[in-house]
Enquirer: 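Once you've had a glance at the structure underneath, I'll fire off some questions.
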Amino acid sequence: YPSSCHVFELTLQTDKYGEETTWSIIDRSIDRTTIFSGGPYRFGEHTATTCLLEGLYTFVIRDLYHDGICCTHGQGYYKVSVDG
């Protein structure tokens, strides 16, 4: 990645209904445009990495059935980091 970049990393473990899980990064400085997204998924662990330029962003994770990714149907979780 270029030196002006901030490395965004996502680790996502879905519950048994990974097909319900999606996420997005929204750039708040450009009319709330979605600039990176993922899902739906199969059950398991997934990773995503991208470069974010200096700015304001919102990370949104969604579960289609609104029952979350933990714990009734598996031990789902997510971890987000920027620059480690």
Enquirer: Specify the closest pair of heavy atoms between Thr34 and Ser24, including all atoms of both residues, with the distance to one decimal.
Expert: CG2-CB, 3.8 Å
Enquirer: Do any N or O atoms from the side chain of Asp31 and from the backbone of Thr33 form a donor-acceptor pair under 3.5 angstrom?
Expert: no
Enquirer: What pairs with Gln75 under side chain to side chain donor-acceptor pair (under 3.5 Å), at least two apart in sequence or on another chain?
Expert: none
Enquirer: Above 12 or not: heavy atoms from other molecules or residues under 6.0 Å from CZ of Phe43?
Expert: yes
Enquirer: Indicate if Val80 and Tyr57 have the same hydrophobic cluster label, given that clusters are the connected sets of ILVMFWY residues with side-chain heavy-atom separations under 4.5 angstrom.
Expert: yes
Enquirer: Any side-chain heavy atom of Glu9 sitting closer than 4.5 Å to one from Thr50?
Expert: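 Not touching, per the 4.5 Å side-chain cut-off.
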Enquirer: Kindly give the heavy-atom pair with the smallest separation between Ile69 and Thr21, and that separation in Å.
Expert: CG2-OG1, 3.7 Å
Enquirer: Would you confirm whether Thr22, through its side chain, and Pro40, through its main-chain N or O, come within 3.5 Å as a donor-acceptor pair?
Expert: no
Enquirer: So do Ser4 and Leu53 actually touch side chain to side chain, heavy atoms under 4.5 Å?
Expert: yes
Enquirer: Is there a donor-acceptor pair closer than 3.5 Å between any side-chain N or O of Asp83 and the backbone N or O of Val7?
Expert: yes
Enquirer: Would you say Ile61 and Leu12 make side-chain contact, with heavy atoms under 4.5 Å?
Expert: yes
Enquirer: Measure the OG1-CZ distance between Thr49 and Phe8 for me, rounded to the nearest 0.5 Å.
Expert: 8.5 Å
Enquirer: Taking the six-membered ring for Trp and the single ring otherwise, decide whether the centroids of Phe59 and Tyr78 are under 6.0 Å apart.
Expert: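 Between Tyr78 and Phe59, which both carry aromatic rings, the centre distance is below 6.0 Å.
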Enquirer: According to side-chain contact (heavy atoms from CB on, under 4.5 Å), who are the partners of Thr47, at least two apart in sequence or on a separate chain?
Expert: Thr11
Enquirer: I'd like to check His46 versus Thr14 (side-chain heavy atoms, cut-off strictly below 4.5 Å). Are they in contact?
Expert: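 The answer is yes, as the side chains (C-beta and beyond) meet within the 4.5 Å cut-off.
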Enquirer: Looking at every heavy atom in both Asp67 and His73, which two are closest together, and how far apart are they?
Expert: OD2-CD2, 3.8 Å
Enquirer: Given side chains that start at C-beta, do those of Leu10 and Trp23 come closer than 4.5 Å, heavy atoms only?
Expert: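 Yes. Closest side-chain heavy atoms under 4.5 Å.
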Enquirer: Would you check, one step at a time, whether the test side-chain contact (heavy atoms from CB on, under 4.5 Å) holds for Leu52 with Ile35?
Expert: CA-CA 9 Å; Leu52 298 177; Ile35 59 165; 3.8 Å; yes
Enquirer: With sequence neighbours left out, what residues match Thr72 under side-chain contact (heavy atoms from CB on, under 4.5 Å)?
Expert: none
Enquirer: For atom OH of Tyr17, is the number of surrounding heavy atoms from other residues, nucleotides or ligands below 6.0 Å larger than 12?
Expert: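 Incorrect, the count does not exceed 12.
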Enquirer: Applying side-chain hydrogen bond (donor to acceptor under 3.5 Å, both in side chains) to Glu45 and Tyr77, what does each step give before you reach the verdict?
Expert: CA-CA 9 Å; Glu45 185 174 276; Tyr77 64 87; 3.0 Å; yes
